[in-house]
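Presented below is the structure to which this report refers.
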Amino acid sequence: MDEEPPVLSRRIGQHNVVIAGLPEGVVGTNAAGNTAKDLLRTFRNVRFGLMVGIGGGVPFEDVRLGDIVAGLQRYHDLTSDHSLGGVVQYDFGTRLQCDDSQQDSFVVKGFLRDAPTALQTAVTKLRSKAMVDGYEYPEIYEKMLTDKPRMKRKFQKPMADVLYNADYTHQGGDDCSACDVLYMVKRHDRDADEELVHFGLIGSGNQVIRDALFRDKLYRDEKIICFEMEAAGLTEDFECLVIRGICDYCDSHKNKIWQPYAAGIAAAYAKELLLTLPPKQVEDMPKSKILESIIGDLKEIKAQNVEVMTIHRSSALASAIEWIAARNPDIDFGKARQRKELGTGTWLTESKSYLQWKIGNVRHVWIYGKAGSGKSVLTATAIPDIQSHCANIDAGFAMFYFVYSDMEKPSWKSCLKSLVNQLGDCVSSMLIQAHQSSKGPPSEELLTSILLTAIRSYKEVFIVLDALDESPETAEGDETVPKTLDETYERMLKAIDQDLEVAVVLVRWLAYAQRPLTLHELAETVTIELHPENDVVNTENCPVLEGIMELLSGLITIKVDGRDEAIDESDVSDFPEDLRTVYVGLAHFSVKEYLESDRSAMLEFHLVADHDRHFLANCCLVYIMDYAESEKRVASVEDLERFPLLKYAAKSWYGHYPSTGDANQRVVSFLQSVEFTLHFLFRRQR
C-alpha cells in the first residue's frame, strides 16, 4: 500500500492489544491481507487476531440490525468436503455444468481456517455466563458514549429496523420513504434491552451484495448468516475470530444509518471477549508458525484472488479493459525470445549496473546501442529474471515494446494503456469508474493518473520498456529521450538552472570525499568560502536539506546506515529522525567518470582530480580553523553537533592533498597557528 494502515497500541484488561485499520476508503480481501502482513512484520509477538467491523445480515434465524455475528461453524456435514472454518470465501469455488433440466451450479470451496481453540473456549465460556447473567457489552458500549459524549450523536443506536420482502427492490432515494410499507416483513417484537449474538458462517468476498435473492440462495446452499469484504484475506494469514455488527440486510434497501452503531457494538463485544480470555492461555499460544507461514500464505491467497478475478471478472471490469484496448506485450516478448540463442545475454543479469537496479540502489538501467545490435535480445534475457524477482518480493511488474504492429504505431499513449492493463488490478474500481463516466476513448492524462495510482499501491514496481527509441515521440524530437548515458547526465546538469555554484561545490565533494558524507556534512560544505585574502565559514549559506536533493536529483543516491537498499531522495518522509545515519553519494561511478572526461559539455562541472582534492583539503583546514576560533566551541563531544563537518575535516584534511605532498600557505598557517598548538597538538586528554 502507498499509505501505511493506522495502528494503535492499547491494553485491555491484562492483554496487550494492537489495533490496525484499513486506509480510508480501501476495502476488500487484498487490502486486509496486506494490513495483516504489515502488522505482523512490526509486532512479532502477536498471537491471534480479532477481525472486528460491520457486516450485512441474513434475516433468517432472526438476525437483525444491531445484532452481532461471530464466525464460528456450529456443525459439520460429514458428507461434505467443507472444513470447520467459520468464514467462507463465497466467490471462490467451481462452477459445474448440469444437464438441460437443471441450472448450472457453483460449488463454494473457499472455507478458511477456524478461530484458535483458546478463543473458541472463551466464546463458549462467555455464552454460558450470558445465559445466566446476560452479556456486559451493552453496558461497555453505553459507558463509552457516557465517557465520550461527543460520540453520542453519531453512534447512538438508531430506532428503525425495517426488512422488506426479498423480491421487492428499493424504489429510489437515499432512504426508503418511497418504498411500499405493504412489502415490509412483520417480525415479533423484541425487548428493548434484548441483544443477540449469533454464531455461524460468515461469507467474505470482494463484492458488495445488494441482492436479497442471491443472499437467500447462499443461506440455503451454505448456511451463511452474514456477509463482509475483508475476512477472506485475513483469516488465512493468522489465526483469528471474525466479529461483525449487523448494519444492513444485503438487499437493495441498504444504507449507512446503522453502520456507526454496528461497528461500535461489535467492538464492545470484542472487548468483553478479551476480558474473558485468561492471559496465560494467550502466552501459551504459538507465534512462530504465524511468522514462518505469513509470507507464503499471503502469496497463496493473492494467487487465489488473482485466479478468481481472472475467471469471475465482472462484466463492468471486462468492459473497462476492452475500453482501454491495450496491446498484449507477451506477443512481442515471445517474438524477442525466439530470436534469443540459449545462454546468450546472461552477462547482463550478472552485471553490477543491473544488480544495483534490481536491489533498488539505482532507478534505471539504460541499454543503448545501434539498431540490430541485440538490445531486445538482452531485454528478453532480463525480463524472466526480474519477473521472478518481483514474484519473490511481491513487487509490481510491467513491460512494453515500442514496435510496429498491424493495429497501430507504437506511441507513449499505447504504452500507458499497456502499463495500466498490467498493473491495474489493484485499482479496478478506479478503472471501472473512469470507464463508466467516460464519453470516449481514455485520454493520456486519465491513463497517467490511473497508472500513478496503481504504482503507489505497490511498495516496489519494475517497468521494462524495449525499443524506446522507436517511439514516434522520440523520432519527432531529439529532446524527448537521450540516446546515450552521456546525454542523460548532460541533460540533468543543464536542468540545474539556479544555485549553480552550490551544485558545483556539492559535486566536487561527492566525487572526492574519502568516505560517503552524511546529509548534514554535505550541507555544511557549502558554508566554506575560500578567498585569497580572507577564508570564511558562513553558516547562513547552509542550504535546506531538501534543496540539496532537489538540486542534484537523478545524480545522487541516498542510503541509510543499516539498510541495504537506497531510498527515494524525493520522499523525505522515508528518512529516519537521526539524519546522521543518512549518507549521500553519486548515483553511479559513471557520473564521476563522465565529469572527469573531456566529453562533458558543462564546463562548470568539469572535474580535475588533483585540483579538486586540493580544494577539499583547503576547505577542511578553513573549517578546522574556524572551529578553533569560534565562540560556540565548548571542546566536548557536543561540538560534533554544532560543527557537523568537524570530525571529517580533522581526520581527512591531509589525505586530500595530491600524492606530490605539495603544501600551501594554508597548511603552513594552520601548523604554525596558536589554535593548532593549544587545541590540537597539546590538547589535554579527558
Side-chain angles (χ1 to χ4, degrees), residues 8 10 12-13 15 17 19-22 27 32 49-72 86-87 115 119 122-127 129-131 133-163 187 189-204 225-231 234 240-250 254-277:
L8 297 174
R10 294 287 186 269
I12 298 179
H15 301 291
V17 179
I19 304 172
L22 301 184
V27 296
L50 295 177
M51 183 64 169
V52 183
I54 58 175
V58 180
F60 296 96
E61 305 182 27
D62 201 31
V63 176
R64 301 192 186 186
L65 302 185
D67 287 356
I68 294 168
V69 173
L72 290 174
V87 178
L119 271 181
V123 169
T124 302
K125 180 179 178 181
L126 187 58
R127 291 179 68 181
K129 175 180 173 293
M131 292 176 64
D133 300 322
Y135 286 104
E136 295 180 6
Y137 71 84
E139 287 75 17
I140 294 175
Y141 187 75
E142 288 301 322
K143 184 177 185 303
M144 178 193 73
L145 295 183
T146 302
D147 294 342
K148 309 288 184 182
R150 296 183 66 178
M151 297 179 64
K152 279 189 175 181
R153 181 176 181 182
K154 182 176 182 180
F155 287 86
Q156 196 70 39
K157 182 178 181 179
M159 298 298 295
D161 179 2
V162 179
L163 173 66
R187 296 174 289 178
D189 294 334
R190 280 188 183 176
D191 294 337
D193 59 348
E194 184 180 1
E195 302 286 351
L196 288 184
V197 181
H198 306 269
F199 304 92
L201 196 60
I202 293 178
S204 182
I225 63 172
C226 173
F227 292 91
E228 54 89 81
M229 295 184 65
E230 287 86 25
L234 185 63
C240 80
L241 174 66
V242 181
I243 300 171
R244 292 297 181 181
I246 301 303
C247 64
D248 59 64
Y249 290 116
C250 298
K254 71 185 304 176
N255 55 57
K256 298 182 178 181
I257 295 175
W258 279 81
Q259 286 185 3
Y261 174 80
I265 204 68
Y269 173 80
K271 181 176 181 179
E272 183 179 2
L273 180 60
L274 283 177
L275 294 174
T276 307
L277 186 62

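Computed from a prediction, not measured in an experiment: that's the story for all the values here.
Between L196 and I68 there is no side-chain heavy-atom pair separated by less than 4.5 Å. Inter-residue side-chain proximity for M51 and I243 is flagged as unmet; no heavy-atom pair is nearer than 4.5 Å. Side-chain contact check for R187 versus D161: some heavy-atom pair is nearer than 4.5 Å. Proximity of C226 to I246: side-chain heavy atoms (C-beta onward) are separated by under 4.5 Å at one or more points. At least one side-chain heavy atom of V123 sits less than 4.5 Å from a side-chain heavy atom of R127. You'll find the side chain of L273 stays beyond 4.5 Å of the side chain of K271, heavy atoms only. With a 4.5 Å cut-off on side-chain heavy atoms, L50 and L119 count as touching.
Without hydrogens or angle criteria, H15 side chain to L275 main chain gives no donor-acceptor distance under 3.5 Å. R244 places no side-chain N or O within 3.5 Å of a backbone atom of V69 that could act as its donor or acceptor partner. For E228 (side chain) and G55 (main-chain N/O), no donor-acceptor pair under 3.5 Å exists by modelled atom type. Looking at Q259, its side chain never comes within 3.5 Å of a backbone N or O of C247 through a donor-acceptor pair. Between the side chain of W258 and the backbone N or O of K157 there is no donor-acceptor pair closer than 3.5 Å.
In terms of heavy atoms, L65 sits closest to A160 at CD1-O, 4.4 Å. Between A262 and I54 the shortest heavy-atom distance is CB-CG2, 3.9 Å. Across every non-hydrogen atom of E61 and I225, the tightest pair is OE2-CG2, 4.2 Å. Considering all non-hydrogen atoms of both residues, V87 and S204 come closest at CG1-CB, 3.9 Å. Listed here is the closest heavy atom pair of A266 and G53: CB-O, 3.7 Å. Heavy atoms only, all atoms of each residue included: I202 and A70 are closest at CD1-C, 4.2 Å.
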Criterion side-chain contact (heavy atoms from CB on, under 4.5 Å) on F155 and L145, from CA distance to verdict: CA-CA 8 Å; F155 287 86; L145 295 183; 3.9 Å; yes

From CA spacing to verdict: ring-ring contact (aromatic ring centres under 6.0 Å, His included), Y141, Y269: CA-CA 9 Å; Y141 187 75; Y269 173 80; over 10 Å; no

Trace of the side-chain contact (heavy atoms from CB on, under 4.5 Å) decision for V63 with V58: CA-CA 6 Å; V63 176; V58 180; 5.8 Å; no

Check against side-chain contact (heavy atoms from CB on, under 4.5 Å), Q156 and Y261: CA-CA 6 Å; Q156 196 70 39; Y261 174 80; over 6 Å; no

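The CD1 atom of I265 sits 12.0 Å away from the OH atom of Y135 when rounded to the nearest 0.5 Å.
Using a cut-off of 4.0 Å between Lys/Arg side-chain N and Asp/Glu carboxylate O, R190 and D67 are scored as salt-bridged.
Heavy-atom neighbours of K129 NZ from other residues, nucleotides or ligands within 6.0 Å: above the threshold of 12.
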